[in-house]
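Below, chains carry the letters A, B, ... as their sequence lines are ordered, and counting in each starts from 1.
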2 protein chains.
Amino acid sequence: MEKERLNTAKTITIYDIAEEAGVSASTVSRVLNGSASVRKEKKERIQKIIEKYNFKPNALAKGLSDTATKNIGIIAADVRNPYYSALFVACELAAEKAGYSVVLSNSLGENERERAQLDIMMQQRVDAIIQMGGRVDDLITDDSYAEKVRGICEKTPVIVTGKLDKAPVHSVVIDESNAMDILMEHLFALGHEKIALVGGEMKVASTYNKYQKYQENLRKKGIKERGEYVVNGTYDPESGYECTSKVLDLEERPTAIIAINDFAASGAVRAIKEHGLRIPEDISLVSFDNTYIAELTIPKLTSIDYDYEGYGRVLIETAVSAAEGKNVEMMQMITPKLVIRESSGKLENGV
Amino acid sequence: MEKERLNTAKTITIYDIAEEAGVSASTVSRVLNGSASVRKEKKERIQKIIEKYNFKPNALAKGLSDTATKNIGIIAADVRNPYYSALFVACELAAEKAGYSVVLSNSLGENERERAQLDIMMQQRVDAIIQMGGRVDDLITDDSYAEKVRGICEKTPVIVTGKLDKAPVHSVVIDESNAMDILMEHLFALGHEKIALVGGEMKVASTYNKYQKYQENLRKKGIKERGEYVVNGTYDPESGYECTSKVLDLEERPTAIIAINDFAASGAVRAIKEHGLRIPEDISLVSFDNTYIAELTIPKLTSIDYDYEGYGRVLIETAVSAAEGKNVEMMQMITPKLVIRESSGKLENGV
DNA sequence: CTGAAAGCGCTAACAT
DNA sequence: ATGTTAGCGCTTTCAG
């Protein structure tokens, strides 16, 4: 049987354009990129032919001869998480404006995949790599991972949303500590002192930092920390539900709960309602990330926002500048902001 | 000031490997791809050197000389929507297994962007393009868009999750009609006859199809359709809230509501609760898509699932087969499945 | 202002 | 089994 190739219209190249215009390929290239002046007459003739064929230069060939591909690789932990999808889309939009494209892949919590993706992006010759979540969230940097990234940094700038010790990467991180301060100030102002912290793993740097600040805030306020008010878990609704249930079953239950993210908070809402308690009358609930989940729950969640659009812009600006060899700060902070909705309220009376 | 380029370690190529191994570049290429047998001794020597430098062949050069890039472009309407993110990740995983990478971009409802993205993917020489949502969801195909895609199809297979008249694309669509049948059967079985349909735009094919089936089911059951029970809107929570509110304010309100997707349903939940009604005791609520939103609401939603993993697999298999010039069916259907949760229940008594 | 020529890194006949 | 050679499509000196 003969092998049939259906989709095989002739690929038109810069040479075809050149021939039809009666000029050399170089000239076509010049008008394509505006890299040098071409006589107006010729220029127009060439442009007409380009349009006629709707010619688009082969990006592979261009990337091969150039040094840049105008592609930025993004490795996200999981775009199904609204935090990452919001940030990713923000990056995509910012990149578009800067004349770059983004290439996304999800590490999905698997170390192996994350490393493989780094390799693929290098092979693809992206001009910079942005890593959002995953290994760069680890409180203790994985040594072999750091080494891998170090190798990459020699050729391609790497920007992370967390930290990576021992590797010259650019960091653009949320000021988690500040975020926790804001949240606790809010709760203190409402009269809460019995405050629980649910969800999240201590091996994740951002969670650990929040925990530190949680302690510090209590201490400053002269409130003794109760170990049973801090229940670790993961970052999903199920975990939020379980952690919250535990806290609510305590003899002396808290009057306010801080969930590690909106997902966990949504689980917390369920647990609180099942315990026959009202939000915020009986218990206040606040969380981090301000994803659209915060508007889906009933009541809507008071949550910490990061201005995703701005965050994405900074990430891309950093990536682009670094890719173009400009000098960029190695460490930048994103300032969080409190968005007050319905889930937090004044402490009415003791429990 | 001197321009400084930091990230510029020497790029090592197949020739460097060849030289150090004392062989020709072809031989290195052969061991790299296993495209022909190489004497074991040499092979091992070469592999050692490759590992030593952690050499990864330049994908651009490879794509340029080969005819394939092993990249599949995916244009999604918006990955921030859990439906698309679930499907995208499913595709990514399936592609990975097939030795392909996926390249994502979001059209975000903007016609211009969607077209531009098609161009970019062509320039990038992806082996196939999968389009999820966007213009391919239109009930009436945009002519100029179809023409554009037609041009692309001549070179690169296009797979759509909707339809595109007048363009030889492969379709992998959800059997929406069947989905609506299942949902209504479920409601009928629970005793509901006053059924509303909220959210969605009729200009979107899938919504229109659902509406058709909604009517047909009522007719078959001998129930007269009430125009006021069908309230169009969009696909977000806000719209679900508004559409549902309208329906609940009717003199004779429905006993069951079908939301166009989980997002709209989450808004519906809010509206229903604000009306002081219980779900499902006073009113049943069902929806389409079975995203994680269905598990976040209280109560959890009865929703139509599509088996995202399977759906993604079919999309990628189709893309890969088409890219490799194999014969693939032009039209495939995804069978929906009902997932019953807490939001739907027996009709207790008349309103 | 423009063309010729070399090269980006890899693959694929074609010889040997 | 392996080396040689000729591209893939574009950019970029270098001449003129």
- Message: With a cut-off of less than 4.0 Å, is there a side-chain N or O of B:S24 near OP1 or OP2 of D:dG3?
- Response: yes

- Taking the side chain from A:T156 and the backbone from A:A128, do they hold a donor-acceptor pair closer than 3.5 Å? no

- Does any donor atom in the side chain of A:N71 or A:Q124 lie under 3.5 Å from an acceptor atom in the other side chain? no

- Rounded to whole angstrom units, what separation is found between the OH atom of B:Y15 and the C1' atom of C:dT11? 10 Å

- Item | Distance, rounded to the nearest Å, where B:L60 contributes CG and C:dT11 contributes P | 12 Å

- Item | Pairwise 5' ranking along DNA chain D for B:V23 and B:A61, keeping only the more 5' one | B:V23

- Message: Salt bridge or not between B:K56 and A:D119? Use side-chain N to carboxylate O under 4.0 Å.
- Response: yes

- Reckon A:V28 touches a base, only the sugar-phosphate, or nothing at all at heavy-atom distances under 4.0 Å? nothing

- Is any side-chain N or O of B:R39 closer than 4.0 Å to OP1 or OP2 of D:dT2? yes

- To the nearest Å, how far apart are A:K42 NZ and C:dC1 P? 11 Å

- Query: What is the distance from CD of B:Q123 to P of D:dC8, rounded to the nearest Å?
  - Reply: 19 Å

- Query: Between B:K62 (NZ) and D:dC8 (C1'), how many Å, whole number?
  - Reply: 15 Å

- Item | Under-4.0 Å salt bridge between A:E41 and A:R39 | no

- Presence of donor-acceptor pair under 3.5 Å, side chain of B:R30 and base of D:dG3: yes

- Query: Side-chain N or O of A:N33 less than 4.0 angstrom from OP1 or OP2 on D:dT11?
  - Reply: yes

- Task: May I ask you to verify whether the side chain of B:S26 and the base of D:dT4 hold a donor-acceptor pair under 3.5 Å?
- Result: yes

- A:D66 CG to D:dT13 P, in whole Å, measures 11 Å

- Message: Within the 4.0 Å heavy-atom criterion, would you say A:T13 contacts the bases, only the backbone, or no part of the nucleic acid?
- Response: sugar-phosphate

